[in-house]
Every structure is written in C-alpha cells, then in structure tokens.
Amino acid sequence: MATTERSTPTDDTVVAPRVNGAHDVGGALDVGPLAIEVDEPVFHEPWEGLVQALSMGGIVAGAYTVDDFRCHAEGMHPASYMASSYYEQWLYALEKCLLQSGAVTAAEIEERAEAVAADPDAPRPRGENAELRAQMKELLALGVPELAPEGEPRFAVGDEVQTRVIRVAPGHQHVRLPGYTQGKRGVVEVVHMPQALADAVVAGKGIQPEYVYTVRFRSSDLWPGARATDSVTAELWESYLEPAPSTGSDR
C-alpha cells in the first residue's frame, strides 16, 4: 500500500527501519535493489496461473479472506520467504489457508503432490463453476467494495499526522503499516472511503470499517541521508494514525 516517488534510500542511509518480517523490508539495509525484469511475463510458469486462480477462487468462495492469505504468506520462515519466488509464496499461503479452512487435509495435499511428481504430464482434474468465475471477474474489475462510512473521518487533507509503532510477530498478527513508516510524521493527502481493517479481520474480530488515508512522508524523515525533496506515499487505516505533535516548524 505504499508508493515511492523519485526516491530510494541513498548509499549514506545508515539507519535500518523497523521491520515486521521478511515481507516488510522496504528501505532496509543490505537487501539490495529491486531486480526489474524487462518485458516480464504475467506468469513465468503455467502453474503460477493455476495458483493465482485457486487463491482468488478460495477468497471469492469465502473459504478465507485476502488478509488471512497475506498473514499466512508473512508467516513463512524468513529464509524460505527470501529464497522463494512470488508465486511460491502464494502457493505456501494457499496451502495454509486451505488447511485452516478444512477444505483439504495435509494428507490430501501430500498425496496429490506425490501423484504430480510421479507423472508431471498426467491430465489434471478440472472443474467449472460459472457463478464463481463471474464473481472472480467482478472482483478483478471492481476490487474490494468500499464500506458505508460510520461517522466523520478523524483527519482531513493537509493534516499533519504521526504513525503508531506496532510490533507484530510474523504469522501471528497482521498489520498493513509498513515498518519504515512507523513512528514517522506525514501529511494527509487524500481521504478515502472506509475499508475493513485488515488487522481486525485476521484477529477474528470481524469487519471493522475505518477511513483510509493517503499519507505523504518526506523521504528524509524515513531514511536519514535521503533527499529532502523526495517523498513517499502510503495508504493507511485511521487507527494507524495520531495527530502529529507540534514542532513549531513549517513543514
């Protein structure tokens, strides 16, 4: 939910940001630059498309939520997470979600994996659910629906805010507040309609709508040594924010 504009940490960045797991290393030291593949295909292997379809199908069918899915991916052992491709992480999360929902058993997954390993070219079982297919297309086209507002937003465009500091144990709690933005000052740039707080959904607390804000941070506030003219924006739920304490300076 974060977007970087014109900025990455410079070589003289010396302070590592707070991280909540292997998935949350934005701006961390020694991770290195992103490897951007030119003309990258949507899927590198056919199985990746199947994993994506199965993962989204489970969400649309109500077997688990997208937040459950993300939480399981974040719970992957850090060494495995860093060594896995994007869709290998998805496959890990998918299996965890299906096991947790009771849709499959560990024995069934193992049995199926052994069958595929024994005969990789054997025809795969296929099914068709027209209603589920239509719902998935709608989700892809429209995204997650906004929720009805409850009360007025706490913050307005131009307000200075400060993010909370939230320590979580990967795989045991879920938070969508990037580590490098925690405990930092920013300015509200856009007020969005409420969305269900991801943290509450994963914790089994149900749908708790909160307004979401686009908050702009100065890069130099996030990473000492970054250029003061650069900035980063992040979309953050209301409970992640507090009014910024006064500094007496004009930001």
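Nothing here was measured: the structure is a model prediction, and the numbers come from that model. Counting begins at 1 with the first residue of the sequence.
For E37, the CD atom is densely surrounded, since the number of other residues' heavy atoms within 6.0 Å is greater than 12. Residue E131 qualifies as open at atom CD: its count of foreign heavy atoms under 6.0 Å is 12 or below. The number of heavy-atom neighbours closer than 6.0 Å to CZ of R112, taken from other residues, nucleotides and ligands shown, is above 12.
One distance of note links CZ of R126 with CZ of R124; it measures 11.0 Å at 0.5 Å rounding. Between the OH atom of Y64 and the SG atom of C71 there is a distance of 14.0 Å, given to the nearest 0.5 Å. The CD atom of E74 sits 9.5 Å away from the CG atom of D67 when rounded to the nearest 0.5 Å. In this structure, R154 CZ and S239 OG are separated by 10.0 Å, a value rounded to the nearest 0.5 Å. Taking CG from L222 and CG from D230, the interatomic distance works out to 11.0 Å, rounded to the nearest 0.5 Å. Between M56 atom CE and F69 atom CZ the span is 10.0 Å, to the nearest 0.5 Å.
Not one N or O on the side chain of Q52 forms a donor-acceptor pair closer than 3.5 Å with the backbone of G49. The closest donor-acceptor contact from the side chain of Y213 to the backbone of W237 lies at 3.5 Å or more, if one exists at all. Not a single donor-acceptor pair under 3.5 Å links the side chain of Y180 to the backbone N or O of W223. Distance alone, capped at 3.5 Å, is enough to place a donor-acceptor pair between the R185 side chain and the P245 backbone. Listed for the Q182 side chain is a donor-acceptor partner under 3.5 Å among the backbone atoms of L177.
The shortest non-hydrogen separation linking A196 to L147 is N-CD1, 3.5 Å. Residue V232 comes nearest to S219 through the heavy atom pair CG2-OG, 3.9 Å, listed as atom of the first residue, atom of the second, then distance. The two residues A226 and S220 come nearest to each other via the heavy atoms O-CB, 3.5 Å. For S55 against W90, the heavy-atom pair with the smallest separation is OG-CE3, 3.6 Å. Shown here for I207 and P209, the closest heavy-atom pair between the two residues is O-CD, 3.6 Å.
The hydrophobic cluster containing V66 does not contain V60, counting ILVMFWY residues as joined when their side-chain heavy atoms lie under 4.5 angstrom apart, directly or transitively. In the hydrophobic clustering of this structure, V188 groups with L236; members are Ile, Leu, Val, Met, Phe, Trp, Tyr whose side-chain heavy atoms approach within less than 4.5 Å, directly or through other members. Under the 4.5 Å side-chain heavy-atom criterion for Ile, Leu, Val, Met, Phe, Trp and Tyr, L91 and M76 are members of distinct hydrophobic clusters. Residues V116 and I109 fall into different hydrophobic clusters, defined by Ile, Leu, Val, Met, Phe, Trp and Tyr side chains chained together at heavy-atom separations under 4.5 Å. The hydrophobic clustering, which links ILVMFWY residues whose side-chain heavy atoms are closer than 4.5 Å, places L50 and V42 together.
Side-chain contact check for F43 versus Y87: some heavy-atom pair is nearer than 4.5 Å. Residues D24 and P178 form a side-chain contact, since some pair of their non-hydrogen atoms from C-beta on lies under 4.5 Å apart. Counting only heavy atoms from C-beta outward, the side chains of H77 and M82 never approach each other to under 4.5 Å. Counting heavy atoms from C-beta on, the side chains of K184 and R218 never come closer than 4.5 Å. At least one side-chain heavy atom of D68 sits less than 4.5 Å from a side-chain heavy atom of V202. When side chains are defined from C-beta on, L94 does not count as touching Y92, because their heavy atoms never get closer than 4.5 Å. A 4.5 Å side-chain heavy-atom check between V157 and V190 finds every atom pair outside the cut-off. The closest side-chain heavy-atom distance from V187 to D159 is not below 4.5 Å.
Look at R164 and E242 and you find no salt bridge, because none of the NZ, NE, NH1 or NH2 atoms lies under 4.0 Å from a carboxylate O. The residues R176 and E235 are annotated as not salt-bridged, no charged nitrogen and carboxylate oxygen being separated by less than 4.0 angstrom. Ion pairing between a basic and an acidic side chain is recognised when a charged N comes within 4.0 Å of a carboxylate O; R216 and E189 show such pairing.
For residues 194-207, the side-chain hydrogen bond (donor to acceptor under 3.5 Å, both in side chains) pairs, not counting sequence neighbours, are D199-Y240.
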Go through the steps for M136 and L139 under the test side chain to side chain contact (heavy atoms under 4.5 Å, CB included), then give the verdict. CA-CA 5 Å; M136 291 173 63; L139 176 65; 5.6 Å; no
Just do the side chain to side chain contact (heavy atoms under 4.5 Å, CB included) check on H192 and Y211 with the steps written out, would you? CA-CA 6 Å; H192 302 278; Y211 283 95; over 6 Å; no
Run L241 and V215 through side chain to side chain contact (heavy atoms under 4.5 Å, CB included) and show every step you take. CA-CA 10 Å; L241 306 174; V215 178; 4.1 Å; yes
Apply side chain to side chain contact (heavy atoms under 4.5 Å, CB included) to residues F155 and V191 and explain how you reach the verdict. CA-CA 8 Å; F155 303 103; V191 180; 5.9 Å; no
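Partners of A103 under the side chain to side chain contact (heavy atoms under 4.5 Å, CB included) rule, at least two apart in sequence or in another chain, are L98, S101. Taking the side chain to side chain contact (heavy atoms under 4.5 Å, CB included) definition, one finds that E111 meets it with nothing, sequence neighbours left out.
Exactly one residue among Q89, H174, Q100 makes a side-chain hydrogen bond (donor to acceptor under 3.5 Å, both in side chains) with H72. That residue is Q100.
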